[in-house]
Amino acid sequence: MRLWWALLPLLPTALAQSANDTESLLWGAYRPNLYFGLRPRIPQSLMTGLLWFGTQDYQSLTRARHGCDQGDGLSGYTWTEYDAREGGVQVIKDPPNNVVITTEFLKVPGGEHGGSWAVRIKGEPLNPAFPSRISTIFYAGLEGLGGLEMENEENENGFNGPVKIMGNSPELDEFSVSIVDGPNNRHVESGPFAHDHADRIGKTHFAGLRAQPGTVWQAREFILKNVLDHARDVLGAYPDPSKGLPDPSFTLQLSDEVYSASNLYAVQKLFDGPFQFDVYYESGSAHQPLDASILDEGVPALLSKYNKRFDTVFPVPVDYPTTDPEALKGFSKAITSNLVGGIGYFYGTSIVNKGFRYEWDKEEDDTSESSSDIDEGARLTEPKALLTATPSRSFFPRGFYWDEGFHLLHIGEWDNDLSLEILKDWINLIDEDGWVAREQILGEEARSRVPAEFQTQVPTNANPPTLAMAITAFIHRLKTSSGGLSDADLGMDMGMGAGSQIPLAESLSSHPGSKYLTDHALATTYLKSIYAPLKRHYDWFRRTQRGQIKQYGRKARSRTEAYRWRGRSQQHVLTSGMDDYPRGPPHAGELHLDLISWMAFFSRTMREIAEFVGEADDAAAFEEIEKATIGNIDDLHWSEENQMYCDVGVDDDDESHHVCHKGYLSIFPMLLGLLPPDSPHLSAILDMVRDPEHLWSPYGLRSLSISHPEFGKGENYWKGPIWIQMNFLALKSLYTTYAAQEGPYQQRARDIYAELRRNVVDNEYQRTGYVWEQYDAVTGEGRRSHPFTGWTSLVALILAEKY
Ligand code: 6A9
């Protein structure tokens with residue numbers, strides 16, 4: 001009895017922990033546009049970041065590294081391990097400055113405000129035969145309410161001791177940030193680059209700056225200006241960036257000044273050779289002072305735990321043909337870690353133009369502006385918050401709607417509850433009409449990376465509803481984890497070797513991101529909470545992207561289910577996601593095969609979720625629509641003459657006809673698993689897929705047939721190049737449906753699956769260092785943006801056969 005009373009105060013905590021463990025997700029490398037930047041998931045709060053530059057000349061200062069930029073010439077920046085709740089390790093190789101920098105990030109739970117964390121930043125010469133003289137600047141800036149204060153006194157000549165910044169904010173409460181040198185940083189007195197003013201090297205300088213509200217993200221500019229102003233004070237003039245250092249004893253450094261009411265503190269260290277320093281963020285309520293031992297012990301523990309779990313969740317199959325399974329695992333780990341380490345938290349306004357319509361998108365009573373008025377109706381929205389993965393840290397460090405559904409398939413396997421947190425944020429973006437903007441460019445920092453002409457989003461424009469895939473995947477995980485469905489029911493038991501089934505109970509119990517898979521009531525509550533907005537979103541698609549059924553409709557079994565992407569231009573259908581894929585000329589009467597396929601898939605997901613949350617009537621209605629839509633795919637889009645699925649176009653005489661371009665579009669009903677395994681059209685699709693004269697290449701399926709007259713022409717974005725996420729869809733539908741279920745083409749589907757999987761994995765794997773946005777349709781070489789660890793990371797799922 002006594003014991004029971006003693007435990008009572010603990011109860012609320014225990015209960016709170018049964019909900020999604022959002023505390024462990026408060027902090028993260030949520031500034032993926034930076035090489036290294038931590039922030040919490042709080043709109044206005046503490047922003048931290050790392051800058052570095054070589055001290056050999058002034059040019060190196062102007063090329064100070066901060067935001068990920070292909071122009072920096074780094075040979076790689078890769079999270080080798082990253083777990084959103086625990087931390088990770090990133091390796092950054094910077095040949096121009098002859099340094100490899102490692103960032104080790106460790107979360108330390110405790111207290112009531114999202115815990116503490118520790119970071120170790122290490123540098124080593126890439127080539128020890130050459131000098132490596134680096135200056136690092138770590139900063140912490142506070143947005144919003146609260147304050148920051150430096151504990152140290154100003155010190156003109158620099159010093160060696162630790163630096164401590166005290167702070168508080170409404171959400172984080174009391175905290176401190178300390179920056180502490182490692183034990184072996186080289187003091188220049190003993191090194192080969194010793195010189196008169198050795199006291200400046202190996203020592204610490206700092207500055208306290210004032211950043212106006214909403215500008216802390218520009219820390220790099222403010223900090224470099226302070227360094228240059230200091231140089232001007234010492235030299236009598238701003239240094240000439242085209243020249244080397246005027247005096248070898250002179251080092252570029254911060255001013256060692258602290259302005260009153262500073263909200264941005266920068267702490268600089270100057271190193272010669274290998275270095276190491278730690279940053280400790282201590283949450284006051286945790287009452288746990290941090291020191292080097294937390295990293296000394298915590299990082300190896302984190303790595304060993306990560307590696308063990310990786311083997312369970314994404315095992316490299318023992319029978320996968322490779323000479324170097326360890327390297328293959330390292331690759332799979334890195335792409336998974338970079339996808340998760342590429343998750344960002346964004347907050348701010350975006351630009352929306354409600355008035356814009358193309359001519360062919362105008363309804364009869366439409367009074368909206370014409371295309372020439374595009375800018376007039378552009379307005380800033382209310383600020384919104386979004387936790388999301390990002391396609392590319394250097395090129396596209398922001399949220400993209402249809403990319404995210406793919407990201408969540410991968411993230412959800414590693415950390416189910418994290419994928420639900422992200423999904424929830426996207427669901428929260430659904431507006432009262434049911435619309436979500438394709439590209440989420442939230443706030444000034446995000447906008448600074450996007451040319452003005454690409455910033456405006458239009459509320460009549462859609463993008464493939466891939467969030468439906470994430471919801472379906474969650475429901476399937478739920479069913480498998482609670483034993484409700486057998487593997488065979490889910491089409492996973494194919495006897496294809498590998499044997500990659502998760503020992504689910506084992507991997508679930510060991511990770512905090514599995515609460516929603518083990519607690520059925522929690523899962524149901526979650527699905528109920530997203531059901532209404534999701535339905536609004538679905539209704540928006542059906543209402544606003546509806547197509548007209550004309551002549552072709554004579555044989556259509558449904559009069560309603562036909563679809564057309566709005567917002568296309570003459571040459572592009574950006575809304576479809578396949579920007580320059582060939583289509584017919586724009587017309588109010590055209591019908592798009594990919595969109596009707598997505599709508600069939602979305603209807604299926606709506607049915608699944610409605611069943612799960614007990615909305616039986618809705619489920620029946622969705623099922624009707626799903627059937628009608630799948631029926632209309634055949635009735636409206638199958639061309640008997642061409643033996644393929646096609647768009648529908650309208651010619652000058654107002655006659656409908658099929659618009660057929662062999663490529664990803666033509667195989668959509670198969671990609672999304674909509675065709676039954678005994679469909680008479682499956683054989684033609686598989687033929688096209690497997691034909692080297694069309695889609696088949698030794699590196700994956702091409703977006704457009706190599707025999708198509710437009711293959712490789714123009715921008716050549718979706719006119720041939722190989723996209724991994726589309727190959728993933730093909731592999732997924734083959735594995736779970738066409739190769740798994742009995743049918744006339746089962747064996748052929750199996751053969752194609754096995755070959756395609758190897759082609760995709762082996763091509764990727766040979767390109768060490770970076771993964772790319774797409775791959776050349778003829779040579780398989782990486783093309784366009786890199787690193788691109790958004791949906792290209794799906795290779796890890798393909799390798800482990802986690803579909
Ligand atoms: C242009 C230029 C610094 C294009 O991965 C994101 C999207 C995909 O959703 C889409 O299917 N990518 C694909 O066709 C990249 C889109 C980039 C648009 C922004 C601004 C800024 O350059």
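If you read the sequence from its start, that first residue is 1, and numbering goes on from there. None of these values were measured; they are calculated from a predicted model.
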Review point. Step by step, would you call T544 with T460 a side-chain hydrogen bond (donor to acceptor under 3.5 Å, both in side chains)?
Key: CA-CA 7 Å; T544 66; T460 42; over 6 Å; no
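- Between the side chain of D647 and the main chain of V659, no donor-acceptor pair closer than 3.5 Å is present.
- Using a 30° and 60° split on the angle between ring planes, W772 and H786 fall in the tilted class, from 30° to 60°.
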Check your understanding: Under the side chain to side chain contact (heavy atoms under 4.5 Å, CB included) criterion, do K535 and F622 qualify, and how do the steps go?
Key -> CA-CA 10 Å; K535 192 158 177 275; F622 292 132; 3.9 Å; yes
Exercise for review: With side-chain hydrogen bond (donor to acceptor under 3.5 Å, both in side chains) as the test, would you mind laying out the steps for D431 and W540 before giving the verdict?
Suggested key: CA-CA 10 Å; D431 74 7; W540 178 90; 5.9 Å; no
Exercise for review: Please lay out, stage by stage, how S603 and Y538 fare under the test side-chain hydrogen bond (donor to acceptor under 3.5 Å, both in side chains).
Suggested key: CA-CA 8 Å; S603 302; Y538 171 78; 2.8 Å; yes
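- Side chain of H592 to main chain of W565: a donor-acceptor pair is present (N/O by atom type, distance under 3.5 Å, no hydrogens or angles).
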**Study point:** Intermediate values then yes/no, side chain to side chain contact (heavy atoms under 4.5 Å, CB included), N338 and S793
**Key:** CA-CA 8 Å; N338 280 295; S793 305; 5.7 Å; no
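- If you run side chain to side chain contact (heavy atoms under 4.5 Å, CB included) between R757 and each of D762, V795, L731, only L731 comes through.
- Side-chain atoms of R357 never come within 3.5 Å of backbone atoms of E359 as a donor-acceptor pair (strictly under, hydrogens ignored).
- Paired with H537 under the rule ring-ring contact (aromatic ring centres under 6.0 Å, His included), one option of Y401, W435, W426 passes, and it is Y401.
- A heavy-atom distance below 4.5 Å is found between the side chains of I667 and L695.
- Taking the side chain as every heavy atom from C-beta outward, Q545 and M599 never approach each other to under 4.5 Å.
- Using the six-membered ring where Trp is involved, F788 and F396 have ring planes that are perpendicular, over 60° apart on the 30 and 60° scheme.
- Annotation for Q571: atom CD does not count as buried by contact number, only 12 or fewer foreign heavy atoms lying within 6.0 Å.
- Of all non-hydrogen atoms in W402 and M726, the two that sit nearest each other are CH2-SD, 4.0 Å.
- In this structure, S733 contributes its side chain and M670 its backbone to a donor-acceptor pair below 3.5 Å.
- Each of K662, H694, H661 was scored for a side-chain hydrogen bond (donor to acceptor under 3.5 Å, both in side chains) with H708, with one residue passing: H661.
- By the neighbour-count criterion of 12 heavy atoms within 6.0 Å, atom CD of E382 is sparsely surrounded, having that number or fewer from other residues, nucleotides or ligands.
- With contacts defined as side-chain heavy-atom distances shorter than 4.5 Å, the pair L636/I549 qualifies.
- Using the six-membered ring where Trp is involved, F601 and W598 have ring planes that are perpendicular, over 60° apart on the 30 and 60° scheme.
- Distance alone, capped at 3.5 Å, places no donor-acceptor pair between the S419 side chain and the L408 backbone.
- Pairs of residues two or more places apart, or lying in two chains, that qualify as salt bridge (charged side-chain N to carboxylate O under 4.0 Å, His left out) and include a residue from residues 66-77 are R65-D72.
- Side chain of S697 to backbone of R702: no donor-acceptor contact under 3.5 angstrom is found.
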Exercise for review: Kindly determine whether H410 and F406 satisfy ring-ring contact (aromatic ring centres under 6.0 Å, His included), including the steps that lead there.
Suggested key: CA-CA 7 Å; H410 192 168; F406 289 96; over 10 Å; no
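- Legend: salt bridge (charged side-chain N to carboxylate O under 4.0 Å, His left out) pairs involving residues 771-780, not counting sequence neighbours, sorted by first then second residue: D776-R783.
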Practice item. Decide yes or no on side chain to side chain contact (heavy atoms under 4.5 Å, CB included) for N759 and N727, but give the supporting numbers first. Key: CA-CA 10 Å; N759 287 350; N727 279 274; over 6 Å; no
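- Classification of the Y645-H681 ring pair by plane angle, with boundaries at 30° and 60°, yields perpendicular.
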Point to revise | Evaluation steps, ring-ring contact (aromatic ring centres under 6.0 Å, His included), between F728 and Y803 | key: CA-CA 9 Å; F728 172 84; Y803 300 110; 5.7 Å; yes
Point to revise | Candidate pair T349 and R447, rule side-chain hydrogen bond (donor to acceptor under 3.5 Å, both in side chains), full reasoning | key: CA-CA 10 Å; T349 59; R447 270 196 288 282; 3.0 Å; yes
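- No cation-pi contact links R398 to F346, judged by a cut-off of 6.0 Å to the six-membered ring centre and 45° from its axis.
- The existence of a salt bridge linking R564 and D361 is confirmed by a sub-4.0 Å separation between a basic side-chain nitrogen and an acidic carboxylate oxygen.
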Exercise for review: Carefully, step by step, assess R604 and I630 under the rule side chain to side chain contact (heavy atoms under 4.5 Å, CB included).
Suggested key: CA-CA 10 Å; R604 184 174 284 181; I630 292 177; 3.6 Å; yes
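- Using the six-membered ring where Trp is involved, Y664 and W718 have ring planes that are perpendicular, over 60° apart on the 30 and 60° scheme.
- One N or O on the side chain of R393 and one on the backbone of L34 form a donor-acceptor pair closer than 3.5 Å.
- Salt-bridge check for R583 with E590: failed, with every basic side-chain N at 4.0 Å or more from each acidic carboxylate O.
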Review point. Does the pair Y775 and Y699 meet the rule for a ring-ring contact (aromatic ring centres under 6.0 Å, His included), with working shown?
Key: CA-CA 8 Å; Y775 293 85; Y699 318 104; 9.0 Å; no
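- Contact between S392 and P787 at its shortest, heavy atoms only, is OG-O, 3.0 Å.
- Applying the side chain to side chain contact (heavy atoms under 4.5 Å, CB included) test between N33 and each of S448, C68, P397 identifies P397 as the sole match.
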